[in-house]
Protein chains: 2
Amino acid sequence: MTRAAFFVLTALADQPRHGYGILREVEELSDGEVQLRVGTLYGVLDRLTADGLIVLDREEVQQGRLRRYYRLTDEGVAALDAEAERMAAGAGAAKRRIAAGRAGAPARPAGEGPAGLLPPAAPGLAGGLA
Amino acid sequence: MTRAAFFVLTALADQPRHGYGILREVEELSDGEVQLRVGTLYGVLDRLTADGLIVLDREEVQQGRLRRYYRLTDEGVAALDAEAERMAAGAGAAKRRIAAGRAGAPARPAGEGPAGLLPPAAPGLAGGLA
DNA sequence: CAGAATATATCGGCTGCCGATATATATCGC
DNA sequence: GCGATATATATCGGCAGCCGATATATTCTG
């Protein structure tokens, strides 16, 4: 799943929204950090629809403007949930390894044992994702 | 930052590694879920080097095979840390909104108040990333 | 001796993101 | 009234990046 697709699904996770609303919502929920572009949106919407992760919920005409609302399917919710899980796991793995790196390398101010040997603690700290 | 770049940085976070070692390490640290391809690796390595996030640590010849070791720069560590933070925040936002969606829509079996109003708790739960 | 693993690297194709552009209506300030 | 901005849709071409295929070379295993 691409980053753009992830944020579209996230924007739709609490309620159905229309295209322009998704744009604004992604910016708001990411605290302005992620800006989903108009040129990106419709391709993502088409792909997610084709993949069965979202569906066209309804079309409304509000104040003379057409609004096309999309919502998550059950499959879409499951996919978003799984992706969030993967991201959290990846983030956790990175954090743990950064900590392991800080503990392993700079803890030794100058020369010590043989040459380039790792400190005994390092391998076990790495751990997996699950 | 691309996904591939994130995993390369993560693989290098605890200690310097060579290209083929990064490939194996990414697969291992992700519990087999992420498979970084050979055709992807060297482009990523070049870009990360150009961006100053990694540097060539040393070159060794072990058992007749050349090994080119890379390591994270301070900037690389900071970038990886920031990206991990963003991913964790994104994952958290998705999880919260999924929960809000489940609470908002299917919790009401049939018609109730006005029309399409959200339950009072919903807006506050959405929250930002930071 | 053949095949797999280790280790490097390149290239073409395809996917996907983005900026620009187009169209249309409503609103706001001047 | 008129231009600028906001709302709302959509398309297209360029560019970046991932992947499969391919190439080369050595070591290890069967």
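Lettering follows sequence order; numbering is per chain, from 1.
Annotation: of the two residues near DNA chain D, A:Y20 and B:G43, the 5′-most nearest-nucleotide partner is A:Y20. Along DNA chain C, the nucleotide nearest B:G39 and the nucleotide nearest A:L36 are compared for position; the residue whose nucleotide lies closer to the 5' end is B:G39. Ranked by how close their nearest DNA chain C nucleotide is to the 5' end, B:T40 and B:R24 are led by B:R24.
Summarising the geometry, atom CG belonging to A:L53 is positioned 8.5 Å from atom CG belonging to A:L72; distances are rounded to the nearest 0.5 Å.
Regarding A:R47, its CZ atom lies at a distance of 12 Å from the C1' atom of C:dC14, rounded to whole Å.
Looking at the side chain of B:V44, the nearest of the listed nucleotides D:dG20, D:dC18, D:dA8 is D:dC18. With distances taken from any side-chain atom of B:R65 to the nucleotides C:dA7, C:dG19, D:dA8, the minimum falls on C:dA7. The nucleotide whose nearest atom lies closest to any side-chain atom of B:A4 is, among C:dC17, D:dT27, D:dC18, D:dC18. Side-chain atoms of B:H18 lie closest to C:dT8 of the nucleotides C:dT8, D:dG17, C:dC17.
Here the closest non-hydrogen pair linking B:R96 and B:A89 is NH2-O, 4.4 Å. Heavy atoms only, all atoms of each residue included: A:L45 and A:I54 are closest at O-CD1, 3.6 Å.
Between A:R17 and A:E25, at least one side-chain N (NZ, or NE/NH1/NH2) sits under 4.0 Å from a carboxylate O, which counts as a salt bridge.
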